[in-house]
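What follows is a single structure, written as structure tokens, with notes after it.
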There are 2 protein chains.
Amino acid sequence: MYEVFFQSLRSKVPFTDEELEQIRPYLTPKKLRKKQYLLQEGDVCKYACFVERGALRSYVVDDKGTERIVQFALEGWTIADLYSFITGEPSTYNIDALEDSELVLISKKAHEELLEKIPRYETYHRLQITGAYLALQRRLVSITNLSVEERYTSFMNLYPNIAQRVPQHMIASYMGLTPETLSRVRKKLIRS
Amino acid sequence: MYEVFFQSLRSKVPFTDEELEQIRPYLTPKKLRKKQYLLQEGDVCKYACFVERGALRSYVVDDKGTERIVQFALEGWTIADLYSFITGEPSTYNIDALEDSELVLISKKAHEELLEKIPRYETYHRLQITGAYLALQRRLVSITNLSVEERYTSFMNLYPNIAQRVPQHMIASYMGLTPETLSRVRKKLIRS
DNA sequence: CTTTTTCATTGATTTAGATCAATGCCATTT
DNA sequence: AAATGGCATTGATCTAAATCAATGAAAAAG
């Protein structure tokens with residue numbers, strides 16, 4: 001169990017085997033069927049969630065009831081509402097499974113103890129956050145600087161695996177477009 | 001020297017005085033006059049930059065030559081092109097001073113040594129990145145979920161200090177609007 | 001003090017993308 | 001096999017913001 005997670009740990013920071021065994025008891029496995037929720041708006045985000053298998057998404061719902069996808073997480077990715085996780089405030093996010101999934105959960109208490117006791121865990125976590133920050137920044141620049149066509153092709157190049165597994169209207173939502181607009185963009189790109 | 005920076009360190013992590021003195025030699029002071037560049041597109045970002053006094057911005061230039069402001073940094077903030085800083089690749093960002101400024105620079109080498117030698121520095125840096133990540137995420141949600149009016153008022157509430165010191169067209173650029181549109185939005189808000 | 005330059009505002013027009021509405025296609029369910 | 005719901009596509013229309021253009025005011029430079 002936890003193979004993918006341990007592999008991720010190892011690939012970023014040179015953990016010893018003992019360290020990994022120290023980490024193990026802090027983890028909780030969880031399975032989620034497609035469409036089941038990990039977190040619902042209004043609840044406190046009690047776990048950081050590493051995806052071993054499957055696919056999740058986080059999204060917010062606007063006034064008109066439209067879902068806006070904030071993040072996808074395939075295997076090897078981590079997903080949570082970090083703000084709620086850190087502050088303990090109710091979340092404005094929903095997180096649910098797009099496919100049957102196997103997860104590794106880390107509670108806030110576990111996370112804090114790991115940060116304190118295992119310096120390399122802190123390093124791992126720092127690298128993870130840094131990667132997430134850089135990805136977000138790239139996304140922000142792509143939103144403000146690229147045409148919708150460019151954004152779509154850049155998304156497809158960056159995340160071909162997401163594109164294959166996720167329905168198109170969710171990609172539209174992630175890109176901040178309506179499904180109709182994305183459909184027309186695709187048509188235009190295919191023609192050219 | 002470095003008062004604001006040391007104050008920032010202390011406020012987030014309980015450094016000892018000795019630790020702070022260990023950090024000091026890794027730092028480089030720098031003054032920048034208004035409009036001078038800290039980083040230009042195509043150069044490698046060699047320093048992470050903490051603002052002691054003054055104001056900086058980072059921006060990218062699109063095909064049409066329009067500047068898109070990515071970030072403002074007033075005193076107490078850190079600014080850099082983290083991607084270029086980490087990877088050593090040429091930057092796509094420009095960073096320049098909006099006012100005469102006093103900075104604390106940390107070279108990549110210094111940063112890496114500090115991360116290794118002073119665990120609390122790693123913790124400080126982790127907390128900084130986490131804060132930056134959360135701010136970016138809030139910004140992304142505000143772009144995709146809020147009307148332009150709401151975004152503007154939320155920006156003004158969140159960063160009244162920036163609004164006071166920075167010309168309006170730069171705020172428009174930061175928000176991804178033309179100056180004309182921002183002007184009209186303001187007019188509308190004042191009337192109501 | 002005068003001359004530039006930078007900046008904010010306002011108006012007229014254009015345009016990209018949203019919205020509204022309908023159709024057909026799979027894939028499940030029954 | 002029929003029925004249902006989720007999904008992508010297409011068309012017609014609407015709208016928010018961009019663009020183009022001009023004016024003034026304020027700030028900086030000479």
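It should be emphasised that the depicted structure is a prediction, and the values quoted were computed from it without experimental measurement.
Nearer to the 5' terminus of DNA chain D, by closest-nucleotide assignment, is the contact made by B:Ser147 (compared with the other of B:Ser147 and B:Lys34). Annotation: of the two residues near DNA chain C, B:Ser183 and B:Lys35, the 5′-most nearest-nucleotide partner is B:Lys35. Residue whose closest nucleotide on DNA chain C sits further toward the 5' end, between B:Val166 and A:Val148: B:Val166.
In terms of modelled atom types and a separation under 3.5 Å, the side chain of B:Ser91 and the main chain of B:Cys45 share no donor-acceptor contact.
One finds no salt bridge joining A:Glu18 and A:Arg120 here, because no Lys/Arg side-chain nitrogen approaches an Asp/Glu carboxylate oxygen to under 4.0 Å. Between B:Glu21 and B:Arg24 there is a salt bridge, with a side-chain nitrogen of the basic residue lying less than 4.0 Å from a carboxylate oxygen of the acidic one.
Using a 4.0 Å heavy-atom cutoff across all strands shown, A:Leu182 reaches no nucleic acid atom at all.
In this structure, B:Leu98 places its CG atom 15 Å from P of C:dT6, rounding to the nearest Å. In this structure, A:Tyr152 atom OH and C:dG17 atom P are separated by 15 Å, rounded to whole Å. As a whole-Å value, the separation of B:His169 NE2 from C:dT5 C1' is 12 Å.
Cation-pi geometry between B:Arg57 and B:Tyr174 is not satisfied (NZ or CZ under 6.0 Å from the ring centre, within 45° of the ring normal).
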Which atom pairs, donor and acceptor, lie under 3.5 Å between side-chain atoms of residues 33-43 of chain A and protein residues at least two apart or in another chain?
from	atom 1	to	atom 2	distance (Å)
A:Gln36	OE1	A:Arg33	N	2.7
A:Tyr37	OH	A:Tyr59	OH	3.0

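Between B:Leu74 and B:Val51, the shortest heavy-atom contact is O-CB, 3.4 Å.
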For nucleotides 11-15 of chain C, which of its nitrogen or oxygen atoms have a protein nitrogen or oxygen under 3.5 Å away, and what is each distance?
from	atom 1	to	atom 2	distance (Å)
C:dG11	N7	B:Arg184	NH1	2.9
C:dG11	O6	B:Arg184	NH2	3.4

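Residues A:Ser8 and A:Tyr124 have side chains that bring a donor and an acceptor to within less than 3.5 angstrom of each other.
The footprint of chain A on DNA chain D, defined by a heavy-atom cutoff below 4.0 Å, extends from D:dC7 to D:dA12.
A ring-centre distance under 6.0 Å is not found for A:Tyr159 and A:Phe72.
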